[in-house]
Amino acid sequence: MYRYDEFDQTLVDERVVQFRDQVQRRLSGELTEPQFKPLRLMNGLYMQLHAYMLRVAIPYGMMSSEQLRMLAHIARRYDRGYGHFTTRQNIQYNWPKLPEVPDLLADLAKVQMNAIQTSGNSFRNTTADQYGGVAADEIEDPRIWSEIIRQWSTLHPEFSFLPRKFKIAVTGSPNDRAAVRFHDIGIVIVEGDGGEIGFEVLVGGGLGRSPFVAKTIRDFLPKQHLLSYLEAILRVYNQLGRRDNLFKARIKILVHETGTEEFARLVEDEWAQIKDAGVDLSVEEVGRIKAYFAPPVYEALDADVAEFRAQRDADPDFDLWAGTNLAPHRQPGYAIVNLSLKPEGGPPGDATADQMDRVADLADTFSLGEIRVTHEQNLVFAHVRQADLHELWTELTAIAMTTPNMGLITDTICCPGLDYCNLANARSIPVAQRISRRFADLKLQHNIGELRIKMSGCINACGHHHAGHIGILGVDRKGEEYYQITLGGSGAEDASIGKVIGPAFSEDAVVDAVATVVNVYVAKRKDGERFLDTCRRIGPEPFKEKLYGAH
Amino acid sequence: MNLRTLTANRLGDGAVVYLTGDGDWSRSINDGRLITSTEEGDDALRVARRCLEAHAVVEPYLIDIIADTGSRRPAGTRELIRSRGPSIAAGVPAEQR
């Protein structure tokens, strides 16, 4: 994985010193809150309902065991012993104290981590396919380009005060595990005519108040031009994006109102002017960064591991987990392991300091000391020998991370909601917990099959509810929590925006409503049909009839 | 006018606090100043502004409350959660740690 060079480290160290001074001046009264607020936000520090919240960047979701141990230390030393992994592959701490935040950031800097640009109207953490570099279906490793984008977009002088925040996602596989079509810019690594590798570039995707699926503005961009092309998009947005209306400031609104074709023309015109201006990296520099992501030295193993097969045959629990939580690895004899952060009744995405420490140790033993965070709020070990899987499963079971529910109804994406968030209108975690308990029976979950529930506590959609097969949006009705259900969304390569099924449900009724939707699906599905397939085939009426028919 | 009290977040740790009758801040809503008129609300906001200038708290505002025998609670869900803390256990359920 990438290691900071002297420039990265100096930048991060200097930012800690700068912020320490700003905090000291705030506490002494030299700075007022209106003066301090933009400074703390530039360092990922929010004020939430009960306390400050610090969001720490995990670039494209990748970290070392050393870094995860530091995250555990921070949870223990500066917070309340846990952290929350987010849909941007970051981690949030819910209880830091302002006077201690500079020390916290200094500790982070010791392991090459920071909280820069995890808030504010700037580039946010670039996200990527969590299986980067190891997926069997991958064309090329998205992490190389994510790291290049990270370096280009960190404190970029021209784009430090954009009209609104800006999010980029990269996938190297046609199977989209990074929700690239719901990003301001989505980058899909593709193979062009003649086998040349390049990028399909999509813009204007997003969730929130006005959800849009991103539009392709270039089918094929040669790899060497990525940064100049991104710069052209950002220049058009920076110039034409609205700054007079917060709700219309994202690039998705600009693309929608300008029209995809015209927006693409504006970008191409801008690009023509800057393409040869030295923005793009040299082949040597790309090669230097690529070297950090060189494949590890794997053992030469058979694709068919008899020991693993025998262990699956002998142990039904292990077999169920292996069938659900593993993904195909490009290296014979290895597997990608998903660690579920969705135990029965647990807050989705939360991990305790003890769990983080143990995961770090297990990563050292079983997966080359490396851990990844997924935008679906789980963790990944990317390099596990199949012969080691049973032992790893046993160890992970001891820390409640082997719930065999990847992609199933209890693998819910869920924002912090009104239990923590200042913007939320309704709680989301307790609803996710109740769904988790309602569908805890593994036979039931597996019988239902792939069903992705995504839930947000407000219209800002941090929980991606628009992209849920079943989406749940918390709303406030005269001080009471209600929940609107959408059906038919998808964050994958077949991206779609879910449609509201009808009037919202009370807190007491929403889990029953989800169960009713599931029952309609089970009754109507054809052989092999996922929930999303059935939903798209039969439309909303059968669901509406069961949900509201009696009224 | 509804019964009200004045709340803010403490500067150092962001904790939820309530303005008391003697111009101090308390973590308990039961210690909060009971506001029954627009004039009392304006007076509470004036006190809070002085505290803002003294850098004790941030973002003060008035909230509606319901006063029962011996205790008070906020009228809406958001403020109820602010006054009591998250409605969920931190991290993962104790039995799974």
Side-chain angles (χ1 to χ4, degrees), chain A residues 26-33 36-37 45-53 75 79-84 94-100 341-347 350-355 399-401 403 416-420 422 424-427 429-430 432-433 476 478-481 507, chain B residues 2-18 25-29 32 45 48-67 72-97:
Chain A
R26 175 69 187 110
L27 291 169
S28 73
E30 195 180 328
L31 291 178
T32 64
E33 187 61 17
F36 180 64
K37 187 175 176 182
L45 189 64
Y46 291 73
M47 175 70 84
Q48 296 287 42
L49 288 185
H50 316 285
Y52 290 94
M53 180 274 280
D79 209 85
R80 294 192 178 176
Y82 70 103
H84 175 76
N94 290 310
W95 307 94
K97 295 178 176 62
L98 182 59
E100 295 180 351
L341 294 183
K342 322 284 174 64
E344 181 186 337
D350 275 14
T352 64
D354 290 347
Q355 284 178 313
I399 54 169
M401 287 198 182
T403 310
L418 191 55
D419 279 302
Y420 295 101
N422 210 11
N425 292 318
R427 287 172 294 166
I429 295 171
Q433 290 176 309
D476 176 293
K478 297 180 182 169
E480 303 250 335
E481 296 162 294
E507 185 196 353
Chain B
N2 295 333
L3 280 181
R4 292 181 149 190
T5 196
L6 190 143
T7 184
N9 290 83
R10 205 156 55 191
L11 175 64
D13 59 4
V16 177
V17 288
Y18 300 91
W25 296 90
S26 169
R27 293 281 284 120
S28 169
I29 192 169
L45 284 167
R49 269 195 290 274
R50 284 202 293 276
C51 296
L52 265 185
E53 286 159 14
H55 310 290
V57 296
V58 295
E59 299 178 10
Y61 57 96
L62 296 165
I63 59 167
D64 290 342
I65 59 169
I66 296 163
R72 298 168 198 164
R73 61 185 170 85
T77 309
R78 173 193 154 88
E79 290 302 329
L80 200 62
I81 291 170
R82 275 187 84 244
S83 72
R84 293 177 179 173
S87 67
I88 51 169
V92 295
E95 68 273 15
Q96 290 166 354
R97 283 178 199 162

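Note on naming: letters A, B, ... go to the chains in the order of the sequence lines (proteins, then strands), and numbering restarts at 1 for each one.
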From [X] [atom1] over to [Y] [atom2], what is the distance, rounded to the nearest 0.5 angstrom?
X: A:His50; Y: B:Arg84; atom1: NE2; atom2: CZ; result: 12.0 Å
X: B:Leu11; Y: A:Glu33; atom1: CG; atom2: CD; result: 6.5 Å
X: A:Arg427; Y: B:Ile81; atom1: CZ; atom2: CD1; result: 4.5 Å

query: Do the side chain of B:Asp13 and the main chain of A:Ala51 share a donor and acceptor less than 3.5 angstrom apart?
result: no

- request: Go through A:Gln48, A:Glu100, A:Lys97, A:Lys478 and name the one with the most non-hydrogen pairs under 4.5 angstrom from chain B.
  value: A:Lys97

- prompt: In terms of heavy-atom pairs under 4.5 Å, which option from A:Ser28, A:Ala424, A:Gly29 contacts chain B the most?
  reply: A:Gly29

field: Contact check, side chains of A:Arg26 and B:Val58, non-hydrogen atoms, under 4.5 Å
entry: yes

field: Sub-4.5 Å side-chain heavy-atom contact between B:His55 and A:Leu31
entry: no

query: Which pair of heavy atoms, one from B:Pro86 and one from A:Tyr420, lies closest together, and at what distance?
result: CG-CE2, 3.6 Å

- line: Heavy atoms of B:Gly12 and A:Pro99 approach each other most closely as O-CD, 3.2 Å

message: Counting heavy-atom pairs under 4.5 Å with chain A, which one of B:Leu52, B:Thr77, B:Leu80 comes out on top?
response: B:Thr77

message: Going by side chain to side chain donor-acceptor pair (under 3.5 Å), name the pairs with one or both residues in residues 57-67 of chain B, residues two or more places apart or in two chains.
response: B:Asn2-B:Asp64, B:Arg4-B:Asp64, B:Tyr61-B:Glu79, B:Tyr61-B:Arg82

query: For A:Asn422, is it the side chain, the backbone, both or neither that has a heavy atom under 4.5 Å from a heavy atom of chain B?
result: both

